[in-house]
Protein chains: 2
Amino acid sequence: MKLSGGVEWAVHCCVVLSQAEGPVPTQRLAEFHGISRTYLAKHLQQLSRAGLVTSTEGRVGGYLLTRPGDEITVLDVVQAIEGREPAFRCTEIRQNGPLPASPQVCQRPCGVNRVMQLAEQAWRESLRAVTIADLAAGVLQDAGPQTFDRVREWLAT
Amino acid sequence: MKLSGGVEWAVHCCVVLSQAEGPVPTQRLAEFHGISRTYLAKHLQQLSRAGLVTSTEGRVGGYLLTRPGDEITVLDVVQAIEGREPAFRCTEIRQNGPLPASPQVCQRPCGVNRVMQLAEQAWRESLRAVTIADLAAGVLQDAGPQTFDRVREWLAT
DNA sequence: AATTCGTGGATGACAAGTATCCGCGTTAGT
DNA sequence: ACTAACGCGGATACTTGTCATCCACGAATT
Ligand code: SF4
Ligand code: SF4
(Lines give C-alpha, C1' and ligand atoms only; values in the text may rest on other atoms or scores of the structure.)
(Ligands and ions follow the chains in the order given, each with its own letter.)
Protein backbone atom coordinates (compact mmCIF):
# COMPACT_ATOMS: atom_id res chain seq x y z
CA MET A 1 0.00 0.00 0.00
CA LYS A 2 1.61 3.19 -1.19
CA LEU A 3 0.34 6.68 -1.83
CA SER A 4 1.27 8.39 -5.05
CA GLY A 5 4.22 10.71 -4.64
CA GLY A 6 2.14 13.36 -6.37
CA VAL A 7 0.15 13.81 -3.17
CA GLU A 8 3.09 15.47 -1.48
CA TRP A 9 3.54 17.79 -4.45
CA ALA A 10 -0.13 18.67 -4.65
CA VAL A 11 -0.44 19.51 -0.97
CA HIS A 12 2.62 21.73 -1.09
CA CYS A 13 1.30 23.47 -4.17
CA CYS A 14 -2.03 24.13 -2.52
CA VAL A 15 -0.30 25.67 0.46
CA VAL A 16 1.69 27.93 -1.80
CA LEU A 17 -1.38 28.82 -3.86
CA SER A 18 -3.26 29.70 -0.69
CA GLN A 19 -0.67 32.40 -0.13
CA ALA A 20 -0.35 33.64 -3.68
CA GLU A 21 -1.77 36.92 -4.85
CA GLY A 22 -2.36 36.03 -8.48
CA PRO A 23 -2.36 33.02 -10.79
CA VAL A 24 0.78 30.90 -10.43
CA PRO A 25 1.94 28.97 -13.50
CA THR A 26 3.15 25.39 -13.38
CA GLN A 27 6.64 26.57 -14.23
CA ARG A 28 6.85 28.59 -11.03
CA LEU A 29 5.41 25.88 -8.82
CA ALA A 30 7.79 23.28 -10.19
CA GLU A 31 10.78 25.57 -9.89
CA PHE A 32 9.88 26.48 -6.35
CA HIS A 33 9.74 22.88 -5.22
CA GLY A 34 12.58 21.68 -7.39
CA ILE A 35 10.48 19.04 -9.12
CA SER A 36 9.59 17.98 -12.65
CA ARG A 37 7.54 20.63 -14.46
CA THR A 38 5.91 18.32 -16.98
CA TYR A 39 4.85 15.78 -14.43
CA LEU A 40 3.59 18.33 -11.95
CA ALA A 41 1.41 19.69 -14.76
CA LYS A 42 -0.47 16.40 -14.77
CA HIS A 43 -1.21 16.61 -11.10
CA LEU A 44 -2.33 20.20 -11.32
CA GLN A 45 -4.75 19.17 -14.03
CA GLN A 46 -6.15 16.58 -11.65
CA LEU A 47 -6.64 19.27 -9.04
CA SER A 48 -8.39 21.31 -11.69
CA ARG A 49 -10.73 18.48 -12.62
CA ALA A 50 -11.50 17.96 -8.96
CA GLY A 51 -12.56 21.58 -8.74
CA LEU A 52 -10.01 22.59 -6.15
CA VAL A 53 -8.24 24.90 -8.53
CA THR A 54 -9.07 27.05 -11.54
CA SER A 55 -6.77 27.64 -14.43
CA THR A 56 -6.43 30.74 -16.53
CA GLU A 57 -4.92 30.05 -19.91
CA GLY A 58 -2.76 32.22 -22.01
CA ARG A 59 0.07 34.47 -21.00
CA VAL A 60 0.20 35.52 -17.33
CA GLY A 61 -2.05 32.54 -16.72
CA GLY A 62 -1.69 29.88 -14.06
CA TYR A 63 -3.58 28.33 -11.18
CA LEU A 64 -5.69 29.77 -8.42
CA LEU A 65 -7.51 28.11 -5.55
CA THR A 66 -11.26 28.10 -6.05
CA ARG A 67 -11.88 28.49 -2.31
CA PRO A 68 -9.99 29.93 0.62
CA GLY A 69 -7.48 27.61 2.26
CA ASP A 70 -9.66 26.91 5.25
CA GLU A 71 -12.31 25.39 3.01
CA ILE A 72 -9.98 22.88 1.38
CA THR A 73 -9.17 19.80 3.40
CA VAL A 74 -6.15 17.57 2.97
CA LEU A 75 -8.59 14.82 2.10
CA ASP A 76 -9.81 16.85 -0.87
CA VAL A 77 -6.30 17.04 -2.24
CA VAL A 78 -5.45 13.42 -1.56
CA GLN A 79 -8.61 12.20 -3.26
CA ALA A 80 -8.06 14.50 -6.21
CA ILE A 81 -4.70 12.82 -6.81
CA GLU A 82 -5.33 9.29 -5.62
CA GLY A 83 -8.90 8.88 -6.73
CA ARG A 84 -11.81 7.74 -4.63
CA GLU A 85 -11.44 4.01 -5.02
CA PRO A 86 -11.16 2.13 -1.75
CA ALA A 87 -7.75 0.62 -1.01
CA PHE A 88 -9.32 -2.70 -0.12
CA ARG A 89 -11.10 -4.39 -2.98
CA CYS A 90 -12.85 -7.63 -2.24
CA THR A 91 -12.77 -10.25 -4.97
CA GLU A 92 -15.60 -12.26 -3.40
CA ILE A 93 -13.58 -15.39 -2.84
CA ARG A 94 -16.21 -16.52 -0.39
CA GLN A 95 -18.30 -17.46 -3.43
CA ASN A 96 -15.62 -19.89 -4.61
CA GLY A 97 -14.66 -23.34 -3.52
CA PRO A 98 -16.63 -26.33 -2.28
CA LEU A 99 -18.64 -24.37 0.31
CA PRO A 100 -19.58 -21.15 -1.45
CA ALA A 101 -21.56 -18.53 0.42
CA SER A 102 -25.13 -18.39 -0.79
CA PRO A 103 -26.10 -15.47 -3.05
CA GLN A 104 -28.43 -13.99 -0.45
CA VAL A 105 -25.67 -13.94 2.15
CA CYS A 106 -23.51 -12.03 -0.33
CA GLN A 107 -26.09 -9.32 -0.79
CA ARG A 108 -24.37 -7.17 1.78
CA PRO A 109 -20.64 -6.90 2.45
CA CYS A 110 -19.14 -9.39 4.85
CA GLY A 111 -17.38 -8.63 8.12
CA VAL A 112 -13.95 -8.45 6.53
CA ASN A 113 -15.06 -5.87 4.03
CA ARG A 114 -16.89 -3.87 6.68
CA VAL A 115 -13.81 -3.70 8.88
CA MET A 116 -11.64 -2.57 6.02
CA GLN A 117 -14.03 0.12 4.85
CA LEU A 118 -14.47 1.33 8.40
CA ALA A 119 -10.72 1.69 8.78
CA GLU A 120 -10.48 3.67 5.57
CA GLN A 121 -13.31 5.82 6.78
CA ALA A 122 -11.33 6.61 9.93
CA TRP A 123 -8.35 7.48 7.74
CA ARG A 124 -10.43 9.84 5.65
CA GLU A 125 -11.99 11.51 8.67
CA SER A 126 -8.56 12.15 10.02
CA LEU A 127 -7.48 13.81 6.77
CA ARG A 128 -10.71 15.74 6.52
CA ALA A 129 -10.05 17.36 9.88
CA VAL A 130 -7.08 19.33 8.57
CA THR A 131 -7.25 22.16 6.05
CA ILE A 132 -4.71 23.82 3.81
CA ALA A 133 -5.00 26.87 6.06
CA ASP A 134 -4.01 24.75 9.06
CA LEU A 135 -0.92 23.56 7.21
CA ALA A 136 -0.02 27.10 6.21
CA ALA A 137 -0.28 28.14 9.84
CA GLY A 138 2.03 25.25 10.72
CA VAL A 139 4.62 26.42 8.24
CA LEU A 140 4.52 29.87 9.78
CA GLN A 141 5.01 28.26 13.16
CA ASP A 142 7.94 26.14 12.01
CA ALA A 143 9.76 28.38 9.56
CA GLY A 144 9.07 31.85 10.87
CA PRO A 145 6.44 34.54 10.39
CA GLN A 146 7.89 36.14 7.25
CA THR A 147 8.16 32.89 5.34
CA PHE A 148 5.21 33.56 3.06
CA ASP A 149 6.31 37.14 2.49
CA ARG A 150 9.49 35.75 1.00
CA VAL A 151 7.51 33.24 -1.02
CA ARG A 152 5.27 35.97 -2.43
CA GLU A 153 8.31 38.04 -3.21
CA TRP A 154 9.94 35.21 -5.12
CA LEU A 155 6.69 34.43 -6.90
CA ALA A 156 6.51 38.03 -8.11
CA THR A 157 9.97 37.85 -9.65
CA MET B 1 -3.35 3.53 -3.14
CA LYS B 2 -4.22 -0.13 -3.24
CA LEU B 3 -3.92 -2.95 -0.76
CA SER B 4 -2.44 -6.21 -1.93
CA GLY B 5 -5.07 -8.70 -2.92
CA GLY B 6 -3.28 -11.19 -0.71
CA VAL B 7 -4.71 -9.44 2.34
CA GLU B 8 -8.15 -10.76 1.58
CA TRP B 9 -6.78 -14.26 1.16
CA ALA B 10 -4.74 -14.11 4.35
CA VAL B 11 -7.62 -12.89 6.49
CA HIS B 12 -9.91 -15.58 5.18
CA CYS B 13 -7.26 -18.21 5.81
CA CYS B 14 -6.78 -17.03 9.37
CA VAL B 15 -10.49 -17.28 10.01
CA VAL B 16 -10.52 -20.83 8.67
CA LEU B 17 -7.42 -21.75 10.64
CA SER B 18 -8.99 -20.40 13.81
CA GLN B 19 -11.68 -23.04 13.38
CA ALA B 20 -9.46 -25.91 12.31
CA GLU B 21 -8.66 -28.84 14.55
CA GLY B 22 -5.28 -29.74 13.07
CA PRO B 23 -2.67 -28.41 10.66
CA VAL B 24 -4.19 -27.32 7.36
CA PRO B 25 -1.97 -27.59 4.26
CA THR B 26 -1.80 -24.87 1.61
CA GLN B 27 -3.49 -27.21 -0.84
CA ARG B 28 -6.61 -27.34 1.30
CA LEU B 29 -6.77 -23.62 1.95
CA ALA B 30 -6.34 -22.78 -1.72
CA GLU B 31 -8.93 -25.33 -2.78
CA PHE B 32 -11.37 -24.08 -0.19
CA HIS B 33 -11.16 -20.50 -1.41
CA GLY B 34 -10.80 -21.34 -5.07
CA ILE B 35 -7.54 -19.47 -5.47
CA SER B 36 -4.03 -20.11 -6.72
CA ARG B 37 -2.22 -22.64 -4.57
CA THR B 38 1.31 -21.56 -5.46
CA TYR B 39 0.68 -17.89 -4.87
CA LEU B 40 -1.20 -18.43 -1.63
CA ALA B 41 1.82 -20.38 -0.43
CA LYS B 42 3.85 -17.18 -0.62
CA HIS B 43 1.41 -15.32 1.55
CA LEU B 44 1.23 -18.09 4.11
CA GLN B 45 4.99 -17.96 4.34
CA GLN B 46 4.70 -14.27 5.12
CA LEU B 47 2.23 -15.04 7.88
CA SER B 48 4.70 -17.58 9.16
CA ARG B 49 7.56 -15.07 9.18
CA ALA B 50 5.33 -12.63 11.01
CA GLY B 51 4.79 -15.24 13.69
CA LEU B 52 1.03 -15.46 13.29
CA VAL B 53 1.21 -19.01 12.11
CA THR B 54 3.40 -22.04 12.60
CA SER B 55 4.13 -24.60 9.96
CA THR B 56 4.70 -28.30 10.38
CA GLU B 57 6.63 -29.79 7.52
CA GLY B 58 6.44 -33.23 6.08
CA ARG B 59 3.43 -35.35 5.43
CA VAL B 60 0.21 -34.41 7.22
CA GLY B 61 1.83 -31.05 7.81
CA GLY B 62 0.30 -27.64 7.30
CA TYR B 63 -0.40 -24.42 9.13
CA LEU B 64 -1.69 -23.66 12.60
CA LEU B 65 -2.38 -20.37 14.32
CA THR B 66 0.18 -19.61 17.01
CA ARG B 67 -2.43 -17.88 19.17
CA PRO B 68 -6.18 -18.12 19.62
CA GLY B 69 -8.23 -16.07 17.19
CA ASP B 70 -9.10 -13.43 19.75
CA GLU B 71 -5.42 -12.58 20.14
CA ILE B 72 -4.83 -11.93 16.45
CA THR B 73 -6.02 -8.62 15.11
CA VAL B 74 -6.82 -7.81 11.52
CA LEU B 75 -3.98 -5.30 11.68
CA ASP B 76 -1.55 -8.13 12.44
CA VAL B 77 -2.59 -9.92 9.28
CA VAL B 78 -2.61 -6.81 7.11
CA GLN B 79 0.86 -5.80 8.26
CA ALA B 80 2.18 -9.31 7.78
CA ILE B 81 1.17 -9.13 4.12
CA GLU B 82 1.57 -5.43 3.36
CA GLY B 83 4.60 -4.70 5.46
CA ARG B 84 4.96 -1.92 7.99
CA GLU B 85 6.07 0.88 5.70
CA PRO B 86 3.89 3.97 5.87
CA ALA B 87 1.77 4.68 2.80
CA PHE B 88 2.90 8.29 2.72
CA ARG B 89 6.60 8.76 2.12
CA CYS B 90 7.92 12.28 2.15
CA THR B 91 10.67 13.09 -0.32
CA GLU B 92 11.65 16.30 1.46
CA ILE B 93 10.86 18.61 -1.40
CA ARG B 94 10.83 21.49 1.05
CA GLN B 95 14.60 21.32 0.96
CA ASN B 96 14.62 22.01 -2.78
CA GLY B 97 14.15 25.14 -4.80
CA PRO B 98 15.12 28.75 -4.25
CA LEU B 99 13.79 28.96 -0.69
CA PRO B 100 14.81 25.68 0.92
CA ALA B 101 13.84 24.99 4.51
CA SER B 102 16.81 25.23 6.81
CA PRO B 103 18.30 21.96 8.10
CA GLN B 104 17.28 22.69 11.67
CA VAL B 105 13.66 23.16 10.63
CA CYS B 106 13.80 19.79 8.92
CA GLN B 107 14.92 18.03 12.06
CA ARG B 108 11.37 17.04 12.83
CA PRO B 109 8.60 16.13 10.39
CA CYS B 110 6.54 18.96 8.98
CA GLY B 111 2.81 19.46 9.33
CA VAL B 112 2.01 17.59 6.13
CA ASN B 113 3.87 14.53 7.24
CA ARG B 114 2.34 14.67 10.71
CA VAL B 115 -1.17 14.78 9.32
CA MET B 116 -0.52 11.84 7.04
CA GLN B 117 1.03 9.70 9.75
CA LEU B 118 -1.78 10.56 12.12
CA ALA B 119 -4.34 9.44 9.57
CA GLU B 120 -2.52 6.17 9.05
CA GLN B 121 -2.42 5.74 12.79
CA ALA B 122 -6.20 6.11 12.93
CA TRP B 123 -6.46 3.51 10.17
CA ARG B 124 -4.29 1.09 12.09
CA GLU B 125 -6.17 1.60 15.34
CA SER B 126 -9.37 0.82 13.54
CA LEU B 127 -7.93 -2.45 12.23
CA ARG B 128 -6.39 -3.29 15.57
CA ALA B 129 -9.82 -3.14 17.21
CA VAL B 130 -11.06 -6.22 15.37
CA THR B 131 -9.80 -9.76 15.87
CA ILE B 132 -10.00 -12.91 13.84
CA ALA B 133 -12.40 -14.25 16.47
CA ASP B 134 -14.69 -11.27 15.87
CA LEU B 135 -14.74 -12.04 12.18
CA ALA B 136 -15.44 -15.70 12.82
CA ALA B 137 -18.37 -14.68 14.99
CA GLY B 138 -19.59 -12.48 12.14
CA VAL B 139 -19.49 -15.38 9.72
CA LEU B 140 -21.56 -17.43 12.15
CA GLN B 141 -24.01 -14.57 12.33
CA ASP B 142 -24.25 -14.18 8.55
CA ALA B 143 -24.03 -17.72 7.28
CA GLY B 144 -25.59 -19.74 10.04
CA PRO B 145 -24.43 -21.50 13.22
CA GLN B 146 -23.31 -24.75 11.61
CA THR B 147 -21.10 -23.09 9.03
CA PHE B 148 -17.82 -24.00 10.70
CA ASP B 149 -19.01 -27.52 11.39
CA ARG B 150 -19.34 -27.96 7.66
CA VAL B 151 -15.94 -26.39 7.12
CA ARG B 152 -14.31 -28.72 9.61
CA GLU B 153 -16.04 -31.62 8.00
CA TRP B 154 -14.75 -30.72 4.57
CA LEU B 155 -11.27 -30.07 5.95
CA ALA B 156 -11.21 -33.59 7.39
CA THR B 157 -12.01 -35.14 4.00
C1' DA C 1 2.97 37.77 -34.84
C1' DA C 2 5.44 36.01 -30.98
C1' DT C 3 5.43 34.44 -26.40
C1' DT C 4 3.53 32.27 -22.38
C1' DC C 5 0.47 29.22 -20.63
C1' DG C 6 -3.04 25.08 -19.71
C1' DT C 7 -4.92 20.70 -21.94
C1' DG C 8 -5.00 16.11 -23.41
C1' DG C 9 -3.07 12.24 -25.80
C1' DA C 10 0.75 9.28 -26.85
C1' DT C 11 4.75 7.20 -25.39
C1' DG C 12 8.37 4.95 -22.79
C1' DA C 13 11.16 3.77 -18.47
C1' DC C 14 10.82 1.65 -14.34
C1' DA C 15 8.96 -0.48 -10.08
C1' DA C 16 5.52 -3.36 -7.84
C1' DG C 17 2.19 -6.77 -7.67
C1' DT C 18 0.69 -11.24 -9.39
C1' DA C 19 1.62 -15.85 -10.52
C1' DT C 20 4.16 -20.09 -11.66
C1' DC C 21 7.82 -23.46 -11.39
C1' DC C 22 11.63 -26.11 -9.53
C1' DG C 23 14.88 -28.13 -6.35
C1' DC C 24 15.54 -28.87 -1.59
C1' DG C 25 14.85 -30.66 3.15
C1' DT C 26 11.40 -32.69 6.31
C1' DT C 27 8.03 -35.95 7.95
C1' DA C 28 4.66 -39.82 8.07
C1' DG C 29 3.17 -43.94 6.23
C1' DT C 30 4.31 -48.34 3.69
C1' DA D 1 14.54 -47.92 2.28
C1' DC D 2 11.11 -45.91 -0.44
C1' DT D 3 7.50 -42.90 -1.50
C1' DA D 4 4.10 -39.42 -1.07
C1' DA D 5 2.70 -35.11 1.02
C1' DC D 6 4.23 -31.09 2.76
C1' DG D 7 6.73 -26.23 3.65
C1' DC D 8 10.65 -23.31 2.08
C1' DG D 9 13.21 -20.25 -0.82
C1' DG D 10 15.00 -18.75 -5.21
C1' DA D 11 14.40 -17.81 -10.06
C1' DT D 12 11.46 -16.41 -13.52
C1' DA D 13 7.89 -14.25 -16.22
C1' DC D 14 3.59 -11.66 -16.83
C1' DT D 15 0.75 -7.86 -15.72
C1' DT D 16 -0.29 -3.55 -13.76
C1' DG D 17 0.70 0.92 -11.95
C1' DT D 18 3.69 4.73 -11.16
C1' DC D 19 6.70 8.18 -12.87
C1' DA D 20 8.12 11.08 -16.39
C1' DT D 21 8.60 13.21 -20.93
C1' DC D 22 7.13 15.03 -25.30
C1' DC D 23 4.13 17.13 -28.59
C1' DA D 24 0.27 19.36 -30.99
C1' DC D 25 -3.40 22.28 -29.91
C1' DG D 26 -6.10 26.34 -28.41
C1' DA D 27 -6.33 30.50 -25.49
C1' DA D 28 -4.72 34.91 -23.79
C1' DT D 29 -1.38 38.58 -23.35
C1' DT D 30 2.14 41.77 -25.34
S1 SF4 E 1 -16.09 -12.65 2.86
FE2 SF4 E 1 -15.67 -10.41 2.69
S3 SF4 E 1 -13.51 -10.21 2.14
FE4 SF4 E 1 -14.13 -12.35 1.81
S5 SF4 E 1 -14.69 -12.43 -0.35
FE6 SF4 E 1 -16.59 -12.01 0.77
S7 SF4 E 1 -16.78 -9.76 0.85
FE8 SF4 E 1 -14.65 -10.24 0.25
S1 SF4 F 1 7.20 19.82 4.19
FE2 SF4 F 1 6.47 17.80 4.93
S3 SF4 F 1 5.60 16.77 3.14
FE4 SF4 F 1 6.80 18.54 2.42
S5 SF4 F 1 8.80 17.69 1.94
FE6 SF4 F 1 8.92 18.41 4.06
S7 SF4 F 1 8.36 16.64 5.37
FE8 SF4 F 1 7.73 16.17 3.23
Side-chain angles (χ1 to χ4, degrees), chain A residues 1-10 13 17 20 22-31 33-66 78 81-83 85 87-89 91 93 155 157, chain B residues 1-10 13 17 20 22-31 33-66 78 80-83 85 87-89 91 93 155-157:
Chain A
M1 192 184 45
K2 198 184 60 170
L3 256 69
S4 162
V7 169
E8 185 183 2
W9 297 5
C13 284
L17 287 176
V24 185
T26 310
Q27 172 67 39
R28 273 293 188 227
L29 255 20
E31 217 175 310
H33 295 113
I35 56 183
S36 156
R37 182 185 62 85
T38 57
Y39 192 30
L40 176 62
K42 294 296 179 194
H43 291 134
L44 291 174
Q45 287 172 27
Q46 290 185 273
L47 292 182
S48 179
R49 288 193 208 102
L52 300 180
V53 131
T54 56
S55 62
T56 58
E57 292 191 348
R59 196 166 174 164
V60 301
Y63 290 98
L64 274 175
L65 291 189
T66 55
V78 171
I81 303 298
E82 280 288 323
E85 306 252 307
F88 180 82
R89 274 105 110 168
T91 55
I93 61 174
L155 246 34
T157 308
Chain B
M1 192 184 46
K2 200 184 60 168
L3 255 69
S4 163
V7 169
E8 185 184 0
W9 298 5
C13 284
L17 287 177
V24 184
T26 310
Q27 172 66 40
R28 272 295 188 222
L29 288 171
E31 216 174 312
H33 295 114
I35 57 183
S36 156
R37 183 184 61 85
T38 56
Y39 192 28
L40 176 62
K42 294 297 180 194
H43 291 135
L44 291 174
Q45 286 171 27
Q46 289 186 275
L47 292 182
S48 179
R49 288 191 209 103
L52 300 181
V53 130
T54 56
S55 63
T56 58
E57 292 192 347
R59 192 164 177 164
V60 301
Y63 290 98
L64 274 175
L65 291 189
T66 55
V78 171
I81 303 297
E82 281 288 321
E85 306 253 304
F88 179 83
R89 275 103 109 168
T91 55
I93 62 174
L155 245 36
T157 307

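The chains referred to below are lettered A, B, ... by the order of the sequence lines, with proteins before strands, and numbering in each begins at 1. Computed from heavy atoms alone, side chains included, the values below leave out hydrogens, waters and symmetry copies.
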> Among D/dA20, D/dT29, C/dT27, which is the nearest nucleotide to the side chain of A/Trp9?
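That would be D/dA20.
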> Using atom types as modelled and distance alone, determine if a side-chain donor or acceptor of B/Gln27 lies under 3.5 Å from a backbone N or O of B/Arg37.
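Such a contact is absent between B/Gln27 side chain and B/Arg37 backbone.
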> With a 3.5 Å distance limit and no angle check, can you tell me whether A/Thr66 reaches the backbone of A/Gly51 through a side-chain donor-acceptor pair?
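Looks like yes, one N/O pair under 3.5 Å.
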> At what distance, to the nearest 0.5 angstrom, does CD1 of B/Ile81 lie from NZ of B/Lys42?
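Nearest 0.5 Å value for the CD1-NZ distance: 13.0 Å.
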> May I ask you to evaluate whether A/Ser48 reaches the phosphate of C/dT7, defined as a side-chain N or O under 4.0 Å from OP1 or OP2?
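Checking A/Ser48 against C/dT7: at least one side-chain N or O falls below 4.0 Å of OP1 or OP2.
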> Specify the residue among A/Leu40 and A/Gly58 whose closest nucleotide of DNA chain D lies further upstream toward the 5′ end.
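Nearer the 5' end of the strand: A/Leu40.
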> Ignoring backbone atoms, establish whether A/Thr56 has a side-chain N or O less than 4.0 Å from OP1 or OP2 of D/dA28.
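So the side chain of A/Thr56 is outside the cut-off, no N or O lying under 4.0 Å from OP1 or OP2 of D/dA28.
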> For the pair made of CD in A/Glu82 and C1' in D/dT18, what is the distance, rounded to whole Å?
10 Å
> Rounded to the Å, how far apart are B/Lys2 NZ and D/dT15 P?
15 Å
> Would you mind telling me which of D/dC6, C/dT3, C/dG6 lies closest to the side-chain atoms of A/Pro25?
C/dG6
> OP1 or OP2 of C/dC5 sitting under 4.0 Å from any side-chain N/O of A/Thr26?
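No, no such contact exists.
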> At under 4.0 Å, does any side-chain N or O of A/Ser36 touch on OP1 or OP2 of D/dC19?
no
> When you get a sec, tell me which of D/dT29, D/dG7, C/dA28 is the closest nucleotide to the side chain of B/Ser55?
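Of the options given, the side chain of B/Ser55 lies nearest D/dG7.
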> Using heavy atoms to find the nearest nucleotide of DNA chain C for A/Gly61 and A/Met1 separately, return the residue whose nucleotide is more 5′.
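With A/Gly61 and A/Met1 compared, the 5'-side residue is A/Gly61.
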> Using heavy atoms to find the nearest nucleotide of DNA chain D for B/Gly62 and A/Ser4 separately, return the residue whose nucleotide is more 5′.
B/Gly62
> Calculate the interatomic distance between B/Ile81 atom CD1 and C/dT18 atom P; express it in whole Å.
10 Å
> Look up atom CD1 in B/Ile35 and atom NE2 in B/His43, then write down how far apart they are to the nearest 0.5 Å.
9.0 Å
> Can you tell me if the side-chain N/O atoms of A/Arg49 get under 4.0 Å from OP1 or OP2 in C/dT7?
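For A/Arg49, the contact criterion (side-chain N or O under 4.0 Å from OP1 or OP2 of C/dT7) is not met.
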> For B/Thr38, report the nucleic acid contact type (base, sugar-phosphate, nothing); a contact means any heavy atom under 4.0 Å.
base
> Any side-chain N or O of A/Tyr39 under 4.0 Å from OP1/OP2 of D/dT21?
no
> How many angstroms lie between CG in B/Leu44 and CG in B/Leu17, if you round to the nearest 0.5 Å?
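So the CG of B/Leu44 and the CG of B/Leu17 are separated by 7.5 Å.
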> Starting at atom CD of B/Glu57, determine the distance to atom C1' of C/dG25, rounded to an integer number of angstrom.
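Checked: the CD to C1' distance equals 7 Å.
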> Return the value, rounded to whole Å, for the distance between atom CZ of A/Arg89 and atom C1' of D/dG17.
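Rounding to the nearest Å, CZ of A/Arg89 and C1' of D/dG17 are 11 Å apart.
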> Atom NZ of B/Lys42 to atom C1' of C/dT18: distance rounded to whole Å?
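It works out to 12 Å between those atoms.
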> B/Gly6 or A/Ala41: which one's nearest nucleotide on DNA chain C is closer to the 5' end?
A/Ala41
> State the CD-NZ distance between B/Glu82 and B/Lys2, to the nearest 0.5 angstrom.
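One gets 10.0 Å once the value is rounded to the nearest 0.5 Å.
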> Nearest whole Å is fine: how far is C/dG8 C1' from A/Gln45 CD?
7 Å
> I need the CD-P distance between B/Gln46 and D/dG10, as an integer number of Å.
13 Å
